[in-house]
Amino acid sequence: MATASVAFKSREDHRKQLELEEARKAGLAPAEVDEDGKEINPHIPQYMSSAPWYLNAERPSLKHQRKWKSDPNYTKSWYDRGAKIFQADKYRKGACENCGAMTHDSKSCMERPRKKGAKWTSMHIAPDEKIETFELDYDAKVDESKQMDFAKVEKRVRTTGGGSTGTVRNLRIREDTAKYLLNLDVNSAYYDPKTRSMREDPLPDADPNEKFYGGDNQYRMSGQALEFKQLNVHAWEAFDKGQDIHMQAAPSQAELLFKNFKVNKEKLRTKTKDTIMEKYGNAATEEEIPMELLLGQSERQVEYDRAGRVIKGMETSLPKSKYEEDVFINNHTTVWGSWWNDHQWGYKCCKQTIRNSYCTGAAGIEAAEAATDLMKTNIARKAAAKDTPAPAEERKLATWGTEVPDDLVLDEKLLSEALKKEDERKRVEKDERKRKYNVRWNDEVTAEDMEAYRMKKIHHDDPMKDFLN
């Protein structure tokens with residue numbers, strides 16, 4: 001079993017080692033130095049800074065993390081670009097016939113072809129280039145960092161980043177001011193952090209010639225944005241009318257149809273105008289318009305700058321919704337929902353809460369108030385009547401279900417006979433054998449017969465019915 005390269009440490013030594021590492025991480029103690037005298041970052045994990053046991057490292061080092069098996073053929077040197085070694089005064093035999101350099105021939109010459117080469121003029125002899133040869137492996141040949149001129153790259157980055165005095169860090173510095181910092185007033189234009197948009201102008205009172213940002217609506221309502229919005233609206237309307245058109249699926253087709261639509265619309269407008277002028281004439285061509293109408297004035301004040309842009313006076317146009325607005329029906333002068341009463345919407349002109357009702361105006365309001373007062377009066381009267389109920393009139397019902405007339409008088413003798421007949425009838429009903437063959441039936445019923453039937457009738461809810469004969 002292999003043993004560790006480090007010696008055994010006691011608990012106290014281990015505690016001191018941990019305190020020293022914490023001090024190095026906090027910057028209170030100097031960093032540890034490796035064999036080559038380089039400082040070791042104290043924040044490197046132990047599994048990376050500790051060398052394997054088979055290397056027998058006596059001091060802390062990061063050599064095991066580097067490529068310690070170096071290639072003898074690997075070299076960091078590269079071609080010295082543009083280096084010159086010698087410049088001759090006259091043409092030499094075997095040199096380039098075009099520029100006069102000895103390091104290449106006329107076929108490999110990179111200079112512009114001269115009308116007369118240096119071979120014949122012996123003037124403007126080009127210097128000889130420095131020729132170098134390296135034995136490079138595959139990795140060195142494909143190493144792009146060797147083929148890059150870092151001086152030119154740094155100069156280009158400095159120029160694009162912050163001018164001639166800038167550095168690479170200046171690429172992250174934004175010189176423009178954020179939208180929400182243009183006006184710090186809480187009541188100014190609203191900034192939506194989610195979409196990073198500010199619709200209204202944050203500085204409406206500032207000079208338009210000096211400010212560079214006037215709100216997102218400035219770009220939405222002008223230029224190609226307005227044309228694109230009209231194109232989308234035309235595509236939607238055409239699709240609703242049954243045409244197979246889609247702005248996202250076939251944008252070229254939608255744009256072509258929109259152009260044809262504008263051409264046809266202009267032709268139709270011109271044709272309608274010509275038809276009206278042919279029928280009614282054109283008063284503008286017959287008489288000159290008075291100067292009072294040409295130079296008409298109004299009380300509206302609008303301020304413009306030198307470029308013709310509006311500074312003050314132009315009111316913000318309110319966006320229209322897709323629903324119909326200010327439509328009055330059934331002789332109403334206000335829209336539905338302009339009045340609210342008792343958790344109900346209605347019309348303010350007549351104070352009616354029925355949607356399709358006809359407007360009655362002020363007379364309807366007075367009639368409704370009178371009806372309300374009358375209803376309240378009736379309700380109060382009814383409530384007062386319930387408090388003192390009237391005595392109910394006792395009425396005696398007749399035996400056959402109707403009210404007993406006041407002048408009804410029963411004959412006692414006829415009533416006794418009717419009672420006897422009723423007893424006889426019930427006795428016959430109990431025993432069918434006593435019924436005679438020839439039965440007479442009298443359909444005439446008197447008041448005494450009905451009273452006898454009522455008196456002899458057995459009531460099923462009578463608790464004494466079982467004790468009757």
Side-chain angles (χ1 to χ4, degrees), residues 329-332 334-469:
I329 59 175
N330 296 337
N331 202 29
H332 289 284
T334 56
V335 296
W336 168 259
S338 58
W339 187 61
W340 170 264
N341 185 28
D342 294 338
H343 303 282
Q344 288 183 340
W345 293 105
Y347 296 96
K348 188 177 181 181
C349 55
C350 57
K351 296 185 179 180
Q352 295 194 55
T353 56
I354 301 176
R355 180 70 178 271
N356 296 325
S357 61
Y358 193 81
C359 183
T360 55
I365 297 176
E366 295 177 359
E369 292 178 355
T372 303
D373 297 340
L374 181 60
M375 182 179 64
K376 291 180 179 179
T377 305
N378 293 337
I379 292 174
R381 185 184 300 111
K382 187 175 181 180
K386 286 183 179 180
D387 296 340
T388 56
E393 183 179 357
E394 184 179 358
R395 293 185 178 182
K396 184 178 181 182
L397 298 179
T399 55
W400 51 87
T402 59
E403 295 182 358
V404 179
D406 298 335
D407 54 350
L408 179 61
V409 178
L410 295 176
D411 190 354
E412 296 294 337
K413 185 178 179 180
L414 295 177
L415 180 60
S416 60
E417 293 179 358
L419 291 173
K420 292 178 181 179
K421 290 180 180 180
E422 184 68 18
D423 295 338
E424 184 67 22
R425 185 183 65 82
K426 286 188 177 183
R427 192 179 305 110
V428 173
E429 286 181 357
K430 289 181 180 180
D431 192 359
E432 294 289 338
R433 293 174 299 177
K434 293 183 180 180
R435 178 178 295 182
K436 296 180 180 181
Y437 181 75
N438 295 324
V439 180
R440 292 182 180 180
W441 189 262
N442 188 10
D443 294 336
E444 184 179 356
V445 179
T446 60
E448 288 78 3
D449 295 338
M450 292 300 301
E451 184 67 17
Y453 172 77
R454 186 189 65 80
M455 294 173 65
K456 294 294 183 178
K457 182 181 178 180
I458 298 175
H459 297 277
H460 296 282
D461 55 350
D462 188 1
M464 301 297 293
K465 65 180 179 179
D466 296 334
F467 299 97
L468 296 176
N469 35 307

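One-based numbering along the sequence shown.
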Below 3.5 Å, can you tabulate the donor-acceptor pairs from side chains in residues 353-362 to any protein atom, sequence neighbours excluded?
from	atom 1	to	atom 2	distance (Å)
Ser357	OG	Gln352	OE1	3.3
Ser357	OG	Ile354	O	2.8
Thr360	OG1	Gln352	NE2	3.4

Worksheet item: Can the ring centres of Trp345 and Trp340 be said to be less than 6.0 Å apart?
Response: yes

Worksheet item: Going by heavy atoms in the side chains, are Glu451 and Leu410 under 4.5 Å from each other?
Response: yes

Worksheet, complete the sentence: Across all chains, not counting sequence neighbours, the ring pair (Phe, Tyr, Trp, His ring centres under 6.0 Å) partners of Trp336 are Tyr347

Worksheet item: Taking only residues two or more places apart in sequence or in another chain, which ones pass side-chain contact (heavy atoms from CB on, under 4.5 Å) with Asn378?
Response: Leu374, Arg381

Discussion item. The criterion is side-chain contact (heavy atoms from CB on, under 4.5 Å); which residues satisfy it with Glu369, sequence neighbours excluded?
Written reply: Ile365

Practice prompt. Write out all pairs satisfying salt bridge (charged side-chain N to carboxylate O under 4.0 Å, His left out) with one or both partners inside residues 411-422, taking only residues at least two apart or from two chains.
Written response: Glu422-Arg425

Worksheet entry | Residues which pass side chain to side chain donor-acceptor pair (under 3.5 Å) with Ser338, listed by chain and number, not counting sequence neighbours | Thr334

Worksheet, complete the sentence: Sequence neighbours excluded, the answer for salt bridge (charged side-chain N to carboxylate O under 4.0 Å, His left out) partners of Glu366 is none

